[in-house]
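Every chain is numbered from 1, with letters handed out A, B, ... down the list of sequences.
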Amino acid sequence: MTPLLQIYQSLFDYYGPQGWWPIHQEGYHHLNYRIPRNSKERLEICFGAILTQNTNWKNVEKAILNMFKLNLFDTDTFDKISLKNLESAIKPSGYFVQKAKKLKAFFDYYKTLNECNLPTREGLLAIWGIGPETADSILLYAYQTPQFVVDSYTKRLLTNLNMISEKSNYQQIKQLFETQIPSNVPLYQEFHALLVAHGKNFYSKKPYGGCFLEIHQQDFPQ
DNA sequence: AACCAGGACGTGA
DNA sequence: TCACGTCATGGT
């Protein structure tokens, strides 16, 4: 068992299944990984991945509820909404001017997709406003593609456990997970969700650390 | 009242 | 490349 798999086991045992990606739409069943179940849920995940950039999920939920009321997870409706109206709808999520542009930019790409033309990581990264974490979130949670999502909590944790150096970049950390963790979509989804749950508890306020994973530090050579 | 949140981009060096 | 400023609302 690799060090990262041990961490997964510890986190899962402690927190239990997280069941990401959270979806607000009616009928969503928590802890159901086989999402999205339809195109509106898929679009909600994609938009949520953009809206949650450096933003508390509670704020994103408010924005998503506004969008839902305006039927903006329907492609024809979203296509018609003005930039200004979109901005006011997503205002609670913060950075609303930038994010409205980002949603529109993503939607231009989204419209070109179909069953035979699925999104690619390179394609997503070419969109203004979509960086590596957002691209991987979209691929993993909206399109069930085994791309590991690395967020700031994860980097803080691995740094604290001396498994990486502080200046490791996104790709290096991603590769670490993807070489140690079997390529499996539900596993990638659950692991990332668990890392965020753990990060909120122990890697939000400085000084970071003091978490129960530290007792295994000697098992995680750098 | 400062600090933080499930980042990404633009800029100057 | 890379370090740093900017974007913004809402909860603690």
Quick one: label [X] by what it contacts on the DNA or RNA (base, sugar-phosphate, nothing), any heavy atom closer than 4.0 Å.
{"X": "A:Ser93", "value": "nothing"}
{"X": "A:Leu125", "value": "nothing"}
{"X": "A:Glu133", "value": "sugar-phosphate"}
{"X": "A:Lys200", "value": "base"}
{"X": "A:Phe96", "value": "sugar-phosphate"}
{"X": "A:Val97", "value": "sugar-phosphate"}
{"X": "A:Gly131", "value": "sugar-phosphate"}
{"X": "A:Ile130", "value": "sugar-phosphate"}

Tell me which of A:Lys99 and A:Lys58 sits closer to the 5' end of DNA chain C, going by the nucleotide each one is nearest to.
->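 First, find each residue's nearest nucleotide; the 5'-ward one identifies A:Lys99.
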
[X] has an atom [atom1]; how far is it from atom [atom2] of [N], in whole Å?
{"X": "A:Lys102", "N": "B:dC9", "atom1": "NZ", "atom2": "C1'", "result": "7 Å"}
{"X": "A:Leu103", "N": "B:dA8", "atom1": "CG", "atom2": "P", "result": "14 Å"}
{"X": "A:Ile173", "N": "B:dG7", "atom1": "CD1", "atom2": "P", "result": "13 Å"}
{"X": "A:Phe106", "N": "B:dC9", "atom1": "CZ", "atom2": "P", "result": "14 Å"}
{"X": "A:Lys205", "N": "B:dA2", "atom1": "NZ", "atom2": "C1'", "result": "13 Å"}
{"X": "A:Ile138", "N": "B:dG7", "atom1": "CD1", "atom2": "P", "result": "14 Å"}
{"X": "A:Asn54", "N": "B:dA8", "atom1": "CG", "atom2": "C1'", "result": "9 Å"}
{"X": "A:Leu51", "N": "B:dA5", "atom1": "CG", "atom2": "C1'", "result": "14 Å"}

Answer yes or no: is there a donor N or O on one side and an acceptor on the other, between the side chain of A:Glu214 and the main chain of A:Gly210, under 3.5 Å?
->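 Yes, A:Glu214 side chain to A:Gly210 backbone: donor-acceptor pair under 3.5 Å.
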
Checking A:Gln175 side chain against A:Gln172 main chain: does a donor-acceptor pair fall under 3.5 Å?
-> no

In terms of heavy-atom contacts, does NZ of A:Lys58 have more than 12 from other residues, nucleotides or ligands at under 6.0 Å?
->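 No, not enclosed.
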
Nearest-nucleotide wise, let me know which of A:Thr52 and A:Gly129 is further upstream toward the 5' end of DNA chain B.
-> A:Thr52

Using the P atom as the reference point in each nucleotide, state the distance between C:dG10 and B:dA8 in Å, no decimals.
-> 22 Å

How far, in whole Å, is B:dC3 from C:dG5 if one measures between their P atoms?
->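 Comparing P positions in C:dG5 and B:dC3 gives a spacing of 14 Å.
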
Could you name each residue pair satisfying side-chain hydrogen bond (donor to acceptor under 3.5 Å, both in side chains) that touches residues 112-125 of chain A, not counting sequence neighbours?
-> A:Arg121-A:Asp136

Can you find a side chain N or O atom of [X] that sits less than 4.0 Å from OP1 or OP2 on [N]?
{"X": "A:Ser152", "N": "B:dG7", "result": "yes"}
{"X": "A:Thr134", "N": "B:dA8", "result": "yes"}
{"X": "A:Arg156", "N": "B:dC4", "result": "no"}

Using the ring of each side chain (for Trp, its six-membered ring), is A:Tyr14 parallel, tilted or perpendicular to A:Phe212, with breaks at 30° and 60°?
-> tilted

What pairs of nitrogen or oxygen atoms, one from the protein and one from nucleotides 10-13 of chain B, lie under 3.5 Å apart?
from	atom 1	to	atom 2	distance (Å)
B:dG10	OP1	A:Trp128	NE1	3.2

Would you please indicate yes or no on a ring centroid separation below 6.0 angstrom for [Y] and [X]?
{"X": "A:Phe78", "Y": "A:Phe73", "value": "no"}
{"X": "A:His198", "Y": "A:Phe202", "value": "yes"}
{"X": "A:Phe12", "Y": "A:Phe191", "value": "no"}

Side-chain ion pair, A:Glu87 and A:Lys91, N-O less than 4.0 Å | no

Measuring from A:Gln98:CD to A:Tyr95:OH, what's the distance to the nearest 0.5 Å?
->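 One finds 8.5 Å between CD of A:Gln98 and OH of A:Tyr95.
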
How would you give the extent of chain A contacts on DNA chain C, as first and last nucleotide 5' to 3' within a 4.0 Å heavy-atom cut-off?
->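 The footprint of chain A covers C:dC7 to C:dG11.
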
Assess A:Lys101 against A:Phe96: is NZ or CZ under 6.0 Å from the centre of the six-membered ring, and within 45 degrees of the ring's axis?
-> no

